[in-house]
Amino acid sequence: MAHWKGSITIANILRTSNNWKRYIAWKCGHVRSAVFYHVARMLACRTPQLGAHLFLCSNCHTVMVVPHSCKSVFCSSCGKVRTDQWCRQLLSDMLDVPYRHLVFTLPWELRLLIQDNRKLLLDVLFRAAADAILSLTNAGPLPKGRKSLKWINGRKRLKPYLPGMIMVLHTFGSDIKWNPHLHVIITAGGLSLDHQRWVSAPKRYLVPAPLLGTEWKLNVIAGVRKAHTDHNLFRRRLRKDRRRRINIDKLLGHIRKKRWHILIGPSLRCADKAVRYACRYTKRPVIAEGRIVKFERGYVTFHFKDYHKGGARSFKKLPVLVFIDRLVQHLPEKKFRQVRHYGLFSNAKRTEYLSKARQILAQRKKRRPTPMTWEKRRKAAGNRKPLSCPRCGHLMEFWCLLFGRHKYIAQIFGIKPNERIQPKTYLTREEVLSQVLLA
């Protein structure tokens, strides 16, 4: 394979040497439908397959082409826009109070089981983390079977309150391996159970991390056991490296003896950075294209933070098909919610709880930002007049919308239906009309 020259993008890696078709053949067609959906949209981004907006200058009849984007979570450019818009809307609903950033991790023995049963077990993780926190803040019911004196004394020392939680699922590590874990952004305090005052969390926050880790561990184990009872977790045909059947009792008994680690970060006066970090890869690929340093001879090289070496930069070289497999394994199923809200931020009671909390804290409701249009995004990027005519400087106006008929749209631009429409493409009104009439 020849050396790739120019910017290295995920789309270029998939298109070169039919790598995407080779990957499907390599997997013998056993590829999830969600993967086909997201990859197809990403490859069609800004091509005639998705159409375009045409803007016309009424003075000199120059036509400017603005191609449509795919808005897929597998597209780096579209994902960046969607992430920024979503973060702005999310931050407008949050309270001006201190926050904490928690990370709930899992032992490696559960990771493959979750990957084979992601629809069932990923929901278990969200519910387990929420129940663990709410039970320790006295906002949830007392769990059954908890008779530890340390646990009871730790619960009694706390004033009961209902916190607000935003949970974000990450299924990857820095080296894009399968490593599911939860990032939780939580208020350092919350409403009292009678909703009459605001209760601040203690300095040590909730309870010590080992106690919270024990609650998280027991909730996950109970959820996995129930899921196995209701739906046999080993009923699917496993891959060659996983054909050995695992006894669920033996597996859960083994991981129960381990200590599950939970990271409790320092107090945050503003949740802006934590929200942007946790939600960075929920609407775009798990690897930034700037981290891909080389693509040649069927291998992809990228850099990552190696936390085993203190966060130092390390490099990993993978065969292109293995690299694609690591990327697409993190694509979520259709309609799966990777971000969920609990407590004060729960969708069912958010309006009621937040209005009461703002009234107690004497805070005003922030104005919810409207999604930015293409013109506003261009202005924010530094282009003061994105719709000005390049020939006469006159302001362009929307003329028509091209969508659906790929062949004649490609004829107008003089490209193939699967090629990207180049930015700043300009035509004349007569050229567009002649191609439309001939189609």
Side-chain angles (χ1 to χ4, degrees), residues 6-16 18-21 23-24 31-56 62-86 282-285 288-289 324 327-328 331-335 370-381 383 386-387 396-429 431-439:
S7 59
I8 304 174
T9 64
I10 297 175
N12 292 336
I13 293 174
L14 293 176
R15 290 192 183 102
T16 303
N18 290 323
N19 284 330
W20 173 237
K21 293 182 179 179
Y23 171 76
I24 297 174
V31 181
R32 294 180 294 128
S33 59
V35 173
F36 281 111
Y37 172 78
H38 289 296
V39 172
R41 288 193 63 86
M42 186 269 291
L43 293 177
C45 184
R46 293 178 173 83
T47 66
Q49 299 180 38
L50 298 183
H53 272 60
L54 301 187
F55 292 87
L56 176 65
T62 299
V63 178
M64 181 175 66
V65 182
V66 180
H68 293 164
S69 58
C70 64
K71 299 179 178 60
S72 170
V73 297
F74 202 49
C75 182
S76 299
S77 58
C78 298
K80 176 65 167 59
V81 174
R82 293 184 66 197
T83 301
D84 292 343
Q85 291 181 351
W86 182 78
T282 57
K283 298 184 183 297
R284 59 176 178 174
E289 292 177 342
I324 295 173
L327 290 183
V328 300
L331 288 174
E333 298 292 336
K334 292 182 180 179
K335 299 182 181 180
T370 57
M372 297 178 66
T373 61
W374 173 84
E375 183 180 1
K376 291 182 179 179
R377 292 199 303 269
R378 291 294 89 201
K379 288 182 178 179
N383 189 352
L387 291 179
M396 289 184 164
E397 297 179 355
F398 173 72
W399 180 36
C400 66
L401 172 67
L402 298 178
F403 187 78
R405 301 173 65 182
H406 309 157
K407 291 184 179 180
Y408 92 84
I409 296 176
Q411 290 176 2
I412 294 175
F413 305 137
I415 59 176
K416 297 179 180 179
N418 59 351
E419 289 184 4
R420 290 173 65 96
I421 301 174
Q422 296 300 323
K424 297 182 180 180
T425 300
Y426 300 103
L427 304 170
T428 62
R429 183 172 178 269
E431 290 175 346
V432 175
L433 291 177
S434 63
Q435 293 292 344
V436 172
L437 293 176
L438 291 174

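Source: prediction; values computed, not measured. Starting from 1, each residue takes its place in the sequence as its number.
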Problem - Closest approach of Cys70 to Arg41 (non-hydrogen atoms, all atoms of both residues) - result: O-NH2, 2.7 Å
Fill in the blank from the handout: Distance col, row Arg15:CZ vs Leu43:CG, nearest 0.5 angstrom, shows 5.0 Å
Problem - Residues Thr62, Met396; criterion side chain to side chain contact (heavy atoms under 4.5 Å, CB included); working and verdict - result: CA-CA 9 Å; Thr62 299; Met396 289 184 164; 3.9 Å; yes
Practice task
Please report the closest heavy-atom contact between Phe36 and Trp20, naming both atoms and the distance.
Solution key: CD2-CZ2, 4.0 Å
Practice task
Measure across Lys416 and Ala410 and return the closest heavy-atom pair with its distance rounded to 0.1 Å.
Solution key: C-CB, 4.0 Å
Problem - From Gln85 atom CD to Lys283 atom NZ, the distance as rounded to the nearest 0.5 Å - result: 10.0 Å
Practice task
For His68, check ring pair (Phe, Tyr, Trp, His ring centres under 6.0 Å) against everything at least two apart and list the hits.
Solution key: His53
Fill in the blank from the handout: By salt bridge (charged side-chain N to carboxylate O under 4.0 Å, His left out), Glu333 pairs with (sequence neighbours left out) Arg32
Problem - Close side-chain approach of Leu54 and Val65, heavy atoms under 4.5 Å - result: yes
Practice task
Would you check if Phe74 and Val328 make a side-chain contact, meaning some heavy-atom pair closer than 4.5 Å?
Solution key: yes
Problem - Sub-4.5 Å side-chain heavy-atom contact between Pro67 and Leu50 - result: no
Problem - Donor + acceptor pair across side chains of Thr9, Asn12 (<3.5 Å) - result: yes
Exercise for the section: Using the test side-chain hydrogen bond (donor to acceptor under 3.5 Å, both in side chains), find all partners of Arg46 that sit at least two apart in sequence or belong to another chain. Expected result: Ser77
Exercise for the section: Any chance you could measure Thr428, atom OG1, to Leu56, atom CG, to the nearest 0.5 Å? Expected result: 10.5 Å
Practice task
May I have the step-by-step check of side chain to side chain contact (heavy atoms under 4.5 Å, CB included) for Tyr37 and Leu331, ending in yes or no?
Solution key: CA-CA 10 Å; Tyr37 172 78; Leu331 288 174; over 6 Å; no
Fill in the blank from the handout: Tightest non-hydrogen contact, residues Pro332 and His38, listed as O-NE2, 3.9 Å
Practice task
Specify the closest pair of heavy atoms between Cys75 and Arg284, including all atoms of both residues, with the distance to one decimal.
Solution key: O-CB, 4.2 Å
Fill in the blank from the handout: Ala52 and Ile421 have their tightest heavy-atom pair at CB-CD1, 4.5 Å
Problem - Partner of Val39 under side chain to side chain contact (heavy atoms under 4.5 Å, CB included), chosen from Leu14, Ile24, Ile10 - result: Leu14
